[in-house]
There are 2 protein chains.
Amino acid sequence: MSTHAAIAAHANRAVPGYLVSALAMTPNAGLGAGVGAAIQPRNPADPLASLGHAKVFERETTVFTEGDAAGSVFRVMSGMVRLYKMLPDGRRQIIGFLQAGDMMGLAFAAQYLYTAETVTATTIQRIPRLELDALMDAQPAFARKLLSATTSELMAAQDQMVLLGRKTAAEKVATFLLRLSDRKGGGKGDDRTIDLPMGRSDIADHLGLTTETVSRTLTKLKSSRLIRILVGGKLDLLDRDALADLAGGF
Amino acid sequence: MSTHAAIAAHANRAVPGYLVSALAMTPNAGLGAGVGAAIQPRNPADPLASLGHAKVFERETTVFTEGDAAGSVFRVMSGMVRLYKMLPDGRRQIIGFLQAGDMMGLAFAAQYLYTAETVTATTIQRIPRLELDALMDAQPAFARKLLSATTSELMAAQDQMVLLGRKTAAEKVATFLLRLSDRKGGGKGDDRTIDLPMGRSDIADHLGLTTETVSRTLTKLKSSRLIRILVGGKLDLLDRDALADLAGGF
DNA sequence: CGTACATTTGAGCAGGGTCAATTCTGGTGG
DNA sequence: CCACCAGAATTGACCCTGCTCAAATGTACG
């Protein structure tokens with residue numbers, strides 16, 4: 001028993017530390033598949049509002065890297081962030097995409113367990129762990145919220161396992177599009193139009209596919225008149241019912 | 001927007017309820033990939049010890065089904081349980097395998113989000129949600145433990161996403177064997193021998209493979225002298241280092 | 001000891017990957 | 001305002017890993 005990169009990483013879980021993963025505190029969590037937890041940034045009852053301070057990151061910038069000492073948690077205020085893990089040889093699995101309200105870096109470990117990078121220009125609130133701890137001590141209700149948000153993330157992660165382990169390429173892509181669409185639900189404008197700020201290879205690494213397969217699958221959906229691909233990373237869902245059928249659950 | 005089995009299930013996450021998933025409260029959690037949390041059954045400090053009551057389930061028995069009203073949480077005292085989700089057409093994804101100390105059924109939703117079945121004869125403690133709530137209110141430290149356990153599960157779930165999305169069949173099987181081995185770490189006897197009480201199709205549905213591929217892969221590992229397959233669902237790890245290399249991280 | 005089911009093994013196939021060329025897109029500078 | 005350029009996306013051709021279908025062992029329990 002020696003060269004256990006595998007086992008070593010696994011053992012992290014046993015570390016009685018703090019700050020383990022990402023989590024979101026509102027309903028719109030989920031796209032992240034075990035990642036983002038929205039805690040309404042501007043909610044009057046937002047207990048995090050006064051903690052830490054916000055900073056703007058430009059697009060394609062690293063916020064923190066897997067293995068870094070985990071001293072803070074972060075909350076996305078606007079923009080989009082991707083979280084991923086990499087295998088030693090460079091294969092990448094994107095754990096999730098975070099949007100406004102989602103949190104990351106939350107965990108009970110000394111190091112961050114994945115890398116966080118911005119997809120678009122993003123405003124991020126950085127909250128020192130100590131401040132978060134203090135808030136949890138002071139407001140038991142907040143601790144409950146964190147727990148609730150974390151279990152929501154876990155549910156999303158489980159759905160993602162079904163997707164990765166048992167869905168076909170077409171089902172994966174259809175599911176992904178519907179999730180994205182659900183995410184930004186209530187908003188303004190055409191509710192059939194969704195934003196795809198991330199590149200094809202990001203989508204591929206999130207769905208366990210290659211960029212080529214993602215592209216081909218989108219092309220097929222376009223030919224079938226289920227979607228329309230617009231310029232500028234936007235896309236119309238022309239037939240949600242058909243997409244939902246294709247997605248096959250979740 | 002109508003036939004959204006997908007979207008409906010997804011929406012569950014928004015339900016402000018309780019009791020969402022499974023979680024474990026000790027280091028040996030992890031095999032579950034987003035599932036079991038061990039809370040030392042016989043630990044003197046076990047705050048759950050006096051709650052609910054235990055029951056013995058025989059092998060291959062359903063404990064609860066996805067969609068059932070979620071009135072209780074459960075803790076495995078001995079034996080093994082599998083948790084899974086199914087797609088409408090019957091494809092199955094096993095979320096994780098639970099062992100002694102692992103909890104399940106914990107969630108912030110009104111229904112169970114997956115099905116739990118025993119693999120072997122299993123003793124399970126059933127704890128009404130109300131009792132768990134009361135405990136959380138009475139012991140803030142316990143609530144913290146739950147949060148810690150849940151984030152551990154989330155970490156495990158993220159590792160499982162990497163496995164499902166980016167690993168080859170051989171890497172998946174090697175990773176699985178090492179995880180199983182780590183799980184029951186400290187125990188007695190030959191630490192190279194591990195128990196595989198679940199069938200090949202359970203392993204397959206956990207790793208996103210077919211039974212045939214799992215079988216073939218194990219045969220190859222056997223031919224390469226990395227493992228030895230014993231009767232009675234046992235198996236020897238003959239070369240952990242080689243397996244760890246094969247597993248490629250985590 | 002026999003039967004039912006699980007596992008293994010075999011043969012052939014296909015979904016999605018790889019490698020590579022072409023087209024688009026968006027930003028930049030003239 | 002437009003031509004140019006670099007990177008992204010798309011498309012094509014071919015291949016391989018892992019799946020399907022099927023048959024042959026193994027194994028456990030009554």
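Convention: sequence-line order gives letters A, B, ...; per-chain numbering from 1.
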J.: Return yes if a side-chain donor-acceptor contact under 3.5 Å exists between B/Arg126 and B/Ser72, otherwise no.
T.: yes
J.: Could you verify whether a donor N or O on one side chain and an acceptor N or O on the other, from B/Lys167 and B/Thr175, lie under 3.5 Å apart?
T.: yes
J.: Set out, in order, the CA-CA distance, both residues' side-chain angles and the distance that settles side chain to side chain donor-acceptor pair (under 3.5 Å) for B/Tyr84 and B/Glu66, then state yes or no.
T.: CA-CA 8 Å; B/Tyr84 66 82; B/Glu66 183 176 353; over 6 Å; no
J.: Please check if any side-chain donor atom of B/Arg192 sits under 3.5 Å from a side-chain acceptor atom of B/Ser181, or the reverse.
T.: no
J.: Going 5' to 3' along DNA chain D, which nucleotides are the first and last within contact of chain A (any atom under 4.0 Å from a heavy atom)?
T.: D/dA9 to D/dA13
J.: Any chance you could list the contact pattern along nucleotides 6-13 of chain C? Use B for base contacts, S for sugar-phosphate-only contacts and - for none, protein heavy atoms under 4.0 Å, 5' to 3'.
T.: -SBBBB--
J.: Check this for me: does any side-chain nitrogen of one of A/Asp182 and A/Arg240 sit under 4.0 Å from a carboxylate oxygen of the other?
T.: yes
J.: Looking at A/Asp205, is its backbone amide N or carbonyl O close enough to the side chain of A/Gln93 to form a donor-acceptor pair, meaning the two atoms are under 3.5 Å apart?
T.: yes
J.: A/Thr213 side chain to A/Thr211 main-chain N or O, any donor-acceptor pair under 3.5 Å?
T.: no
J.: Any sub-3.5 Å donor-acceptor pair from A/Arg166's side-chain atoms to B/Leu209's backbone N or O?
T.: yes
J.: Let me spell it out: for each of B/Gly208 and B/Gly232, pick the nucleotide of DNA chain D with the closest heavy atom. Which residue's pick is nearer the 5' end?
T.: B/Gly208
J.: Check every strand shown and say whether A/Gly233 touches a base, only sugar-phosphate, or nothing at a heavy-atom separation below 4.0 Å.
T.: nothing
J.: When the distance from CG of A/Leu196 to P of C/dT25 is rounded to whole Å, what number comes out?
T.: 15 Å
